[in-house]
Amino acid sequence: MEKVTASPMDTGLRQSKLWPDAWWKLMEQRVGIIPLPIYCLLLALIIGFVSSGKVPTDISVSIAILAVGGFTCAEFGKRLPIVRHIGAAAIFATFIPSYLAFNHLIPDLVLKNVVEFTKTSNFLYLFISSIIVGSILSMDRTILVQGFIKIFIPLAAGTVVASVVGTLVGTLLGLGTFHTFFYIVVPIMAGGVGEGAIPLSIGYSGILGQAQGDIFAQVLPSVMLGSLTAILLAGGLNFIGKKYPHLTGEGRLQEGDSSHSMTSEESIPANVDIAHIAGAGITAISLYMVGLMCFKLFGFPAPVAMLFVAVVFKLSRAVSPQLEQASFVVYKFFSTAVTYPLLFAIGASMTPWDKLVAAFNICNLITIIATVASLMTTGFFVGRRLKMYPIEAAIVNACHSGQGGTGDVAILTAANRMQLMPFAQISTRIGGAIVVTLSLLAMSQLK
């Protein structure tokens, strides 16, 4: 049999194909959003600048440092068993830089770059406006209206009962009524980190005249532990539902409900162009500026006014469908690409490690568990009274104490009821926005 040998041209083609294919596969390996080769390049460059004794302070270098730091910390959290399902990425992205900065383990030149960029650029406010306005404008209006009407009573009742029970328990444990309500109970139901803890800390800082980082360090543990409690209790409800099937609709709120067809669309719309995305970004900034003007004229906290105007825009159809879809792209971009670098910046520059650790104590833990448990228990019994499936109503209420969108996914996954995602989004986003708004108004009156 004649042996067929490869020609030099065939060998060259195979080698040529091997080069881009192997490299492209390597480029698809990511640390967060950063391709692995680019991550290694950035890390080497940062080390090189530190070794040279001068780290540039321009915005490009600062973004690179925050991206490498934030996504490195988040990757540790994402790869840990069990805790990765309860928001470990966000916890690590905040706690690790806070610890490193407190113990002087971050090079001084790098820390100086992070601190100066964070405090001078105020990109935190760009993040807040894009996340809050983008998430509200991108929600399906029909689901928003119908779902909010359907779940409003058990959600509102649960919020009130949880506020009373949580505040009472914290007060009896010696935490103080004001501290318990505003620093433990409210953060639990504020909608997570990006849409809850950060806006709250900004609002509290403006009202009380205290450092935003100090306040953030106090409210963040409540968000994390509240979400963890909700995940564990939701898993327990799933177990109860298997033993007592008459208490659950297996993802339906009530008989005849079409929740199974109301899944949340998380893919990027194909018909959104760059001009609409840019327009959505400017719209978010404009609404934030409206908030600033309301604060200047009437003394209302800027996040409160911004939230209110965004909801009015959404319900009144003041924004075109194309701009609403583009708002979702803006929301997804900031939640995907900016959250962890922002948390790294906050952790390193504005979150004192000693105050962060001090918030983890047995009295806080008992208060948090009491708050979440009463929120879900109220949803269970009120939902049952309103002819809803009580387990589903309780799980939707649980999402009100979750860690934003990540918390919703974790809670519904633990409960094996991902069909409830639209209602969970209402509970988290709109419920959280209302809690943030009312709590900031209340604090401004009690100051």
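Just so you know, these numbers come straight off a predicted model, no measurement behind them.
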Distance-only, no hydrogens or angles: does the [X] side chain make a donor-acceptor pair with backbone N or O of [Y] under 3.5 Å?
X	Y	answer
S52	F49	yes
S349	A345	yes
N361	C363	yes
K314	L137	yes
N364	I184	no
S205	A211	no
S129	L126	yes
S335	K332	yes
S374	T371	yes
S444	L441	yes

Side-chain heavy atoms of [X] within contact of [Y], under 4.5 Å:
X	Y	result
S401	S227	no
V161	L375	no
F334	T339	no
M306	V290	no
C73	F344	yes
R417	N238	yes
L26	P37	yes
I346	T118	no

Testing the 3.5 Å rule here: is there a donor-acceptor pair between the side chains of [X] and [Y]?
X	Y	answer
S201	Q212	yes
S62	N113	yes
T72	Y39	yes
T171	T180	no
H400	T159	yes

Give the minimum heavy-atom separation between [X] and [Y], together with the two atoms involved.
X	Y	answer
V338	F127	CG1-CD1, 3.7 Å
V169	A370	CG2-CB, 3.9 Å
I411	A398	CD1-O, 3.6 Å
A101	A348	CB-O, 3.5 Å
Q218	S222	O-OG, 4.2 Å
G77	F92	N-CD2, 3.7 Å

Could you measure the distance from the [atom1] atom of [X] to the [atom2] atom of [Y]? Nearest 0.5 Å is fine.
X	Y	atom1	atom2	result
K112	I106	NZ	CD1	15.5 Å
L412	I231	CG	CD1	10.0 Å
S130	L287	OG	CG	10.5 Å
S427	M189	OG	CE	10.5 Å
L297	L292	CG	CG	11.0 Å
L343	T94	CG	OG1	4.0 Å

Item to complete: Kindly assign one of parallel, tilted or perpendicular to the pair F117 and F123, based on the angle between their ring planes and the thresholds 30° and 60°.
Response: tilted

Practice prompt. Evaluate the ring planes of Y183 and F178, with Trp represented by its six-membered ring, and classify them as parallel (under 30°), tilted (30 to 60°) or perpendicular (over 60°).
Written response: tilted

Item to complete: Would you please test L208 and M443 for side chain to side chain contact (heavy atoms under 4.5 Å, CB included) and show each step?
Response: CA-CA 9 Å; L208 300 175; M443 178 175 279; 3.9 Å; yes

Worksheet entry | From CA spacing to verdict: side chain to side chain contact (heavy atoms under 4.5 Å, CB included), Y99, L105 | CA-CA 8 Å; Y99 173 82; L105 297 176; 4.1 Å; yes

Item to complete: Might you work through the side chain to side chain contact (heavy atoms under 4.5 Å, CB included) test for M376 and L237, ending with a clear yes or no?
Response: CA-CA 10 Å; M376 295 176 64; L237 284 176; 3.5 Å; yes

Worksheet entry | D58 CG: over 12 foreign heavy atoms closer than 6.0 Å | yes

Discussion item. Name the residue from I277, L323, T283 that meets the side chain to side chain contact (heavy atoms under 4.5 Å, CB included) definition with V330.
Written reply: I277

Worksheet entry | Derivation and outcome, side chain to side chain contact (heavy atoms under 4.5 Å, CB included), residues L233 and V372 | CA-CA 9 Å; L233 293 179; V372 178; 4.1 Å; yes

